[in-house]
Amino acid sequence: MSQMRFFALQELANRQPIDIKNPSNKLSDYYGIHVFDRKKMQEYLPKEAFKAVTNAIEKGTPISRSMADLIANGMKSWAKSFNVTHYTHWFQPLTDGTAEKHDGFIEFSDDGDVIERFSGKLLIQQEPDASSFPNGGIRNTFEARGYTAWDVSSPAFVVDTTLCIPTIFISYTGEALDYKTPLLKALAAVDKAATEVCQLFDKNITRVYANLGWEQEYFLVDSALFNARPDLCLTGRTLMGHSSAKDQQLDDHYFGSIPPRVTGFMKELELECHKLGIPVKTRHNEVAPNQFELAPIFEDVNLANDHNQLVMDLMKRIAQKHNFNVLLHEKPFKGVNGSGKHNNWSLCTDTGINLFAPGKSPKGNMLFLTFIVNVLMMVYKNQDLLRASIVSAGNSHRLGANEAPPAILSIFLGRHLSHMLDELGAEDLTAEEKKALKLGIGRIPEILLDNTDRNRTSPFAFTGNRFEFRAAGSSSNCAAAMIAINAAMAHQLNAFKAQVDKLINEGIGRDEAIFNVLKETIIASKAIRFEGDGYSDDWKTEAAKRGLTNINQVPEALMKYNDPQAREVLLGEKIFNENELTSRIEVELEKYTKKIQIESRVLGDLAINHIVPIAVAYQNRLLENLRGLKEIFTEEEYAEMSQDRKDLVREISHRVTAIKILVREMTEARKVANHLESQEEKAFSYEKNVSPYLESIRDHIDHLEMEIDDEIWPLPKYRELLFSK
Ligand code: ADP
Ligand code: MG
């Protein structure tokens, strides 16, 4: 056995679970201790400064320099109680994950003494050396500066010895270079549009908040095994590996008991999350072996997303302590269930109404129906934008495989609600029927209560009081999907409101006007509703008949960000300007290209330097064996005995040659792609001309893995990666 694999397995055999104890039996004793939340602000800030922050959070009022100084000072005093020495602006560039630049509190005073200082200026704005973050051409070198600016709506927190301040990240010219800036704009847009629609029903409603509850799926792999797999280390997924004899066929892992080493990790992760005020609640095994899920109680989208980013980071660090590596990739193992990140999304008013939950009165139910029907239309019109927001190199292995929603968007409503909409959308209702229907609307809650059928194959499912967008990938930043959904919803609600207003201006009563527009919208969006099996082939055919789009190629799907409808939403709702939209597409295309490029290089290297030599060595052993047989046995006996080995020698020869040729061709294809001018051409070329080699080369290697002596195979195998506890 190769030394690396051997030592990795030996290390694994000696692993012990790490026991984690909670600091107190009462969760409330330590929940949020690492967050500078309102309670701590009140304690650490002078009254006027506290007021300034609350106003900024609630009304968006700017914070003056003198107030900022007071706030920074209070924040620093609080942070000092955790021996904090550094602060950082914490932001979400367009790469995966978050970025930080740590600065010490250390400064020289005017007299030249060393002092600890954290001023308001440093709290509010920082200038990280940002030229290495993706910007899609926004930042020319002469203005290669980016600014981070404090997002007051997300509280500061402490990790280790650093005070982290959530910020947006923009260019010198004020253009967004991150996920948070457009997310905040999309949330403001949906707030405004939804509030206006709500006011048709209830004038007391003055704000609408969007909520997000994410469900994070991930794999854990022992660190020693992880380190012995260069493909996992460098690309986050296995580029080769024959499927294990025991797989997930039995589904015995799902909701099974969690192994002790994993429990130790989960306990510590939960503890750290709770200290950071992240309300994680459920943890369980997932479908695949060594796959797990973590989900919090839902929160305001911006905060929930910050928390998800933070959790992904915490996971990686805490896993290391427990000798695990966490895999956030959407498809770390071929043939094994991949990982997604369901985005549970709802809209809620400042009067406490969940707009996706049926009300207690007919009036409340009209409000509910209005929002549900507008979601239908929003998804129907913006299929391409929604898809563009979740596609990536990693997610492309998962979408449409037999485990994740297809690349076709559709909405599952549940039988009863769907039936009710069919009735509402029926042509030529008599006055009697209309009256009966309006009565029916009053009965929605009862109907929904026994609506227990849940469809797990739907990419956009109504689950009683929220919609669950299931196409998002496990490694993605939820903001991408949340920008698209909330911006599109704002756009749709604005269109709806305009239609209703038009009818009212024509002299039609308000209720009648709403009813009529709803009816039209139900009919127009009917094609997006689908209650059946989203994984089936029949659905693909049916969806095509309905005119729903189905795009499996990443670059093609990404280019839909530039389609007229997407532009109408994103530019129209002022989420992006032209420049920002162009650059966003560039960055996404470039990310795709880079991922495939790295995978291709790593696979080429592994194939030539790790696999081929082992294959040849094994072939030599076979040849030696054949020579020995020939020496000892008669020609006749030899002919009979040697056949299988000769075949194997031939087979290995054939595969080794094929691998070498394919790797050479793949390298050539990369060179051609790299010389193309635009990011668009490059991405398309990588997709079409490079990525197919990843599969064909792998296929030969996976066969060799089956043929070559297990003892000398260089890399940990699927059964070792997936079934070690
Ligand atoms: P399941 O696995 O059945 O989909 P989970 O309980 O794992 O459900 O996750 C459901 C997620 O949905 C949780 O994050 C939960 O907080 C969230 N959620 C529940 N109600 C709402 C709501 N009204 N709006 C947004 N998210 C919600
Ligand atoms: Mg779910």
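Counting convention: from 1, in listed order, for ligands and their atoms alike. Only heavy atoms go into these numbers, but all of them, side chains included; no hydrogens, no water, no symmetry mates.
- Under the side chain to side chain contact (heavy atoms under 4.5 Å, CB included) test applied with Phe467, the options Leu413, Ile485, Asn343 reduce to a single match, Leu413.
- Using a 30° and 60° split on the angle between ring planes, Tyr218 and Phe292 fall in the tilted class, from 30° to 60°.
- Ligand 1 lies less than 4.0 angstrom from a heavy atom belonging to Glu293.
- Checking Val280, Asn344, Asn354, Asn343 against atom 12 (O) of ligand 1, the nearest heavy atom belongs to Asn344.
- For ligand 1, the atoms lying closer than 4.0 Å to a non-hydrogen atom of Ile297 are 16 (O).
- Residue Pro296 holds the heavy atom nearest to atom 15 (C) of ligand 1 of all those in Ala304, Pro296, Ala461.
- Ionic pairing of Lys540 and Asp538 is not present here: no N-O contact between side-chain nitrogen and carboxylate oxygen is shorter than 4.0 angstrom.
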> Between Lys321 and Glu268, does a salt bridge (Lys or Arg N to Asp or Glu O under 4.0 Å) hold up when you go through it step by step?
Replying inline: CA-CA 10 Å; Lys321 268 172 77 178; Glu268 185 169 1; 2.5 Å; yes
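- Of the options Gln216, Glu215, Glu468, His342, the smallest heavy-atom separation from atom 5 (P) of ligand 1 is shown by Glu215.
- For ligand 1, the atoms closer than 4.0 angstrom to any heavy atom of Arg456 are 3 (O).
- Electrostatic pairing of Glu270 and Lys267 does not count as a salt bridge here, judged by no charged N lying under 4.0 Å from a carboxylate O.
- Counting heavy atoms under 4.0 Å from ligand 1, residue Arg470 does not touch it at all.
- At a threshold of 4.5 Å between non-hydrogen side-chain atoms, the residues Arg237 and His397 count as touching.
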